Amino acid sequence: MQNTENNIGKDEISTLKNELQWYRATYETRSLLGIIKDRLIRVFKKKAPEKPIRTDSNKGIQSFERHKSDYIFFYPKNKKEKLIEFHKIKPFFYKGNEEIWSSYTKKEVDIVIPIYNGLHFLKILLPQIFERSDIPFRLLLINDCSPDKEIIPFLESFNSKKNVIIINNATNLGFTGSVNKALKETKNDVVLLNTDTEVPINWLSRLFNPIFTDPKVATVTPFSNCATIASFPNYDDNPIFENLNVQQLDDLFKSFVKPGSIEMPTGVGFCMAISKSALESVGLLDEENFPKGYGEEVDWCMRAKNKGLKNVFVPNLFVYHKHGGSFDSATKKSLSASHQKTLDSLYPQFPTEVADFVELSIQNHVRNFLLLLTCSKLATQTIVYFDHELGGGANLYTDNFISDNKADKLIICVSFIHPHSNTKKQYAIRYYYKEHHNAIHINSLNELEDFFEYLQIHEVIIGSLITHENLKDIINSIKKIIAFQKCKSKYLVHDYHSICANFNLMYQGEKFCNIPDFKTCSTCKIREVVEPVLINKDFVSVQNHREVLGVFLDNDIDKIVCFSPSSKTLLIKAYPFLDDLKIQIVPHKVKEYRPINIGVIGSIHSKAKGGEIVHHIAKILEKERNPHNIRIIVFGEVGAQFDHHMIQKSGTYDRHYLYDLILKNYIDVILIPSICSETFSYTTTEAIMTGLPLFCFNLGGQADQVKNYANGHIIEELTPEATLKIITNYINNTRKQPNKALAVIE
């Protein structure tokens with residue numbers, strides 16, 4: 001190891017280790033920890049060490065690994081990833097005062113809808129096509145021998161329309177064969193549209209605009225809730241956002257996003273426009289390899305790319321995809337797996353292209369900003385909150401504020417991320433509305449001011465300006481935001497940074513100064529007693545610091561909140577000219593945050609004994625950030641396949657000492673997670689003897705015992721989600737009552 005460090009450079013290793021240790025103590029899982037960790041790993045990989053690298057503590061790293069998806073925008077994940085600056089996504093979006101562009105080419109197109117059952121979908125979709133399409137079209141409906149006998153009469157009801165062509169297959173051709181049969185009948189640029197979709201007003205012109213304006217475009221795909229790499233708000237099968245209908249959500253999209261397109265590795269077949277010239281060049285879909293669909297559009301798009309054409313995505317259109325098509329889920333899964341192997345064989349580069357698109361494409365950032373804008377329209381208020389990321393009471397206050405308000409308000413938190421060797425100076429924007437949260441970064445204060453012009457802000461709250469690089473500059477930017485938005489403003493006195501850069505007012509770092517005269521202040525070696533990262537770079541003197549903040553507090557802040565009378569006294573001593581009525585004293589309300597401890601008695605080595613239930617509960621807690629601070633403690637062993645870092649294990653225990661273990665771990669409730677019908681459950685008997693609230697499923701002997709127990713609770717729905725919800729609700733409803741039940745285990 002010593003030789004390796006010499007080859008790399010002792011100074012670099014020492015610096016990186018010191019930085020890592022400091023950031024663990026201050027940021028823990030914050031973005032800079034990720035930066036330092038990556039740098040340390042890359043340095044050691046220059047010369048592989050003979051032994052694993054060990055550091056003083058892995059707590060911060062482990063926490064970072066569990067939550068690293070939160071920080072994707074704040075550090076390079078690999079060498080070819082580049083941070084996307086806000087100015088690069090600006091061309092895609094309208095500001096509030098811009099007129100929405102609506103001039104589109106209106107030449108005829110063909111719409112192909114392959115049909116196999118799905119009458120309930122067609123009854124919604126077909127009328128929408130006629131009512132909401134804004135350019136001339138021919139509609140080709142191809143019925144692939146649907147077993148539903150009502151399909152043909154329903155389709156024939158459209159025979160009177162001159163632009164409708166109905167094709168009834170004599171035999172079932174499969175999805176790809178049917179589509180190819182219809183494509184041979186097309187005369188124009190064409191869109192393949194699933195039956196399980198809904199379309200908004202003026203959808204066709206926006207979908208085809210890239211094809212009409214760029215001869216190199218082969219396919220166009222819009223946003224949808226279920227469209228893999230074109231999904232919103234996540235790369236997943238999402239329910240439609242916030243239970244809006246397709247028109248409501250699309251109205252937001254087209255009001256936010258300008259016409260434009262983003263190149264993508266493949267189109268997505270649920271709603272995919274294809275240019276006629278590309279179809280003639282590339283040919284039809286591959287019926288041999290993809291007879292029933294699932295992957296056929298990827299194959300076609302890759303063939304188009306090989307001919308120098310491109311597949312693009314339009315972010316100003318949303319088409320609803322219900323994902324309830326012709327096949328059951330098992331068939332879909334089987335087809336997808338089989339066809340994925342075919343695609344991997346034909347196009348081994350495709351998975352990498354998709355991964356790069358997901359991680360690196362500007363589309364991800366466009367989606368992210370679009371999510372923010374959409375939340376801002378649905379929220380009752382949008383609040384901008386300036387803060388640091390150092391942890392401690394101020395961040396706890398911020399977290400509680402977000403938790404208390406995000407149900408109906410959009411909270412946008414702004415903090416400054418200090419530059420390091422592989423990062424640019426930037427401002428971290430983290431936003432929260434209901435369960436939606438994400439992050440964007442801004443490279444300059446000018447961009448920050450510009451960023452907020454896309455939003456309507458109702459209030460600006462300054463939680464802390466510690467760590468912001470230049471105090472005068474950030475205050476000037478906040479002033480501009482407040483003036484432009486004509487919004488309310490509030491300053492929170494979490495510390496005494498409003499009075500001095502030495503924000504705890506400790507003279508020379510040794511004693512409380514009680515705000516002396518400026519002459520005494522000038523003898524305080526502030527730069528020596530305050531960590532460099534915590535002091536604004538433009539700090540000159542206490543007098544200058546106070547002049548800047550005094551004018552700001554007096555002229556631009558509507559309300560100043562102190563959390564104790566003494567804080568107000570000190571603030572008035574520093575700024576006697578402040579309006580007393582502007583300053584409010586609001587003592588902190590500290591929330592109880594004692595963990596909810598769920599005890600599981602007995603080893604869980606199998607699915608029958610509830611191992612999978614407990615494992616999935618742990619995964620839910622991890623995904624949802626454990627808002628109720630729940631701990632799962634298993635008194636016994638846990639099978640390796642069910643293990644999880646959020647499950648604590650006591651190992652085997654002596655039943656005579658179970659009472660002591662229950663007390664020692666402050667258990668609130670006990671869960672018997674077994675999903676088999678026990679003939680008799682000894683662990684249930686042991687749980688009853690504790691006197692604690694006891695939960696189990698309505699199965700077998702364990703349920704018989706619990707039903708006869710005064711503090712017993714039966715869970716009817718055999719799912720981890722229902723189990724967690726029932727236990728959490730019980731605890732929250734009874735927590736204020738002291739738990740007196742704990743019987744002696746004999």
Side-chain angles (χ1 to χ4, degrees), residues 66-73 77 194 196-198 221-246 248-250 252-253 257 262 264-272 293-295 297-298 311 313-315 317-325 327-337 339-340 343 350-375 378 430-440 615-616 618-625 627 719-721 724:
R66 291 197 295 272
H67 303 293
K68 63 183 177 183
S69 60
D70 291 346
Y71 312 110
I72 185 171
F73 298 106
K77 295 185 74 174
N194 280 14
D196 57 346
T197 56
E198 290 186 26
T221 303
F223 260 131
S224 184
N225 54 303
C226 293
T228 59
I229 59 174
S231 292
F232 178 88
N234 303 304
Y235 290 117
D236 204 348
D237 284 2
N238 307 277
I240 194 166
F241 190 72
E242 289 299 312
N243 294 316
L244 301 175
N245 62 45
V246 64
Q248 290 170 326
L249 190 52
D250 182 71
L252 293 173
F253 277 46
V257 188
I262 299 169
M264 63 196 308
T266 178
V268 186
F270 80 102
C271 175
M272 186 174 78
Y294 293 97
E297 82 270 46
V298 174
N311 308 294
F313 162 80
V314 285
L317 172 63
F318 179 87
V319 173
Y320 182 24
H321 186 201
K322 302 170 190 176
H323 244 199
F327 299 111
D328 57 59
S329 58
T331 303
K332 289 177 185 177
K333 188 174 181 180
S334 174
L335 286 172
S336 296
H339 292 178
Q340 186 60 54
L343 288 171
F350 179 67
T352 301
E353 291 181 7
V354 171
D356 286 349
F357 178 78
V358 169
E359 292 291 337
L360 310 177
S361 170
I362 198 169
Q363 187 238 34
N364 197 22
H365 301 272
V366 168
R367 175 201 282 105
N368 189 4
F369 192 51
L370 182 54
L371 173 61
L372 170 62
L373 295 177
T374 306
C375 290
L378 301 179
R430 293 187 174 91
Y431 60 90
Y432 308 84
Y433 172 67
K434 295 187 176 179
E435 74 275 15
H436 311 295
H437 51 85
N438 219 320
I440 297 174
H615 179 75
H616 276 99
K619 290 177 69 175
I620 293 169
L621 294 178
E622 179 183 37
K623 182 178 179 181
E624 297 180 353
R625 314 295 179 85
T719 66
E721 292 83 5
L724 185 58

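Please read these numbers as outputs of a predicted model, since none were measured by experiment.
With sequence neighbours excluded, the residues forming a side-chain hydrogen bond (donor to acceptor under 3.5 Å, both in side chains) with Tyr431 are Asn368, listed by chain and number. Listed by chain and residue number, nothing satisfies the ring pair (Phe, Tyr, Trp, His ring centres under 6.0 Å) test with Phe357 (two or more places apart in sequence, or in another chain). The ring pair (Phe, Tyr, Trp, His ring centres under 6.0 Å) test applied to Phe223 returns Phe232, Phe253, Phe313, not counting sequence neighbours. By the side chain to side chain contact (heavy atoms under 4.5 Å, CB included) test, Ser224 pairs with Ala227, Phe270, His321, sequence neighbours left out. Considering only residues two or more places apart in sequence or on other chains, His436 meets the side-chain hydrogen bond (donor to acceptor under 3.5 Å, both in side chains) condition with Glu242. In terms of the side-chain hydrogen bond (donor to acceptor under 3.5 Å, both in side chains) criterion, residue partners of Asp250 (sequence neighbours excluded) are, by chain and number, Arg206. For Tyr433, there are no ring pair (Phe, Tyr, Trp, His ring centres under 6.0 Å) partners, not counting sequence neighbours. With sequence neighbours excluded, the residues that form a side chain to side chain contact (heavy atoms under 4.5 Å, CB included) with Pro233 are Asn238, Phe241, Leu371. Under the salt bridge (charged side-chain N to carboxylate O under 4.0 Å, His left out) criterion, Glu353 pairs with Lys305, not counting sequence neighbours.
Counting all heavy atoms, side chain and backbone alike, Phe318 lies closest to Asn225 at CE1-N, 3.5 Å. The two residues Pro720 and His616 make their nearest non-hydrogen contact at CG-CB, 3.6 Å. Of all heavy-atom pairs between Cys271 and Pro222, the closest is O-CD, 3.2 Å.
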Using side chain to side chain contact (heavy atoms under 4.5 Å, CB included), reason through Thr374 and Leu249 one step at a time and then give a plain yes or no.
CA-CA 8 Å; Thr374 306; Leu249 190 52; 4.1 Å; yes

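Atom-to-atom distance recorded for Leu360:CG and Ile362:CD1 is 12.0 Å, nearest 0.5 angstrom. Note: Met264 CE to Thr228 OG1 = 7.0 Å, rounded to the nearest 0.5 Å. The SG atom of Cys226 sits 11.5 Å away from the CG atom of Asn194 when rounded to the nearest 0.5 Å. One distance of note links CG of Leu317 with OG1 of Thr221; it measures 10.5 Å at 0.5 Å rounding. Taking CD of Glu198 as the reference point, atom NZ of Lys322 lies at 3.5 Å (rounded to 0.5 Å).
The side-chain heavy atoms of Thr266 and Ile229, taken from C-beta on, include a pair separated by under 4.5 Å. Put simply, the side chain of Leu252 reaches to within 4.5 Å of the side chain of Leu244, judged on heavy atoms. Between Leu724 and Leu621 the shortest side-chain heavy-atom distance falls below 4.5 Å. Looking at Asp236 and Ser231, their side chains never come closer than 4.5 Å, going by heavy atoms from C-beta outward.
No donor-acceptor pair closer than 3.5 Å links the side chain of Glu721 to the backbone N or O of Ile620.
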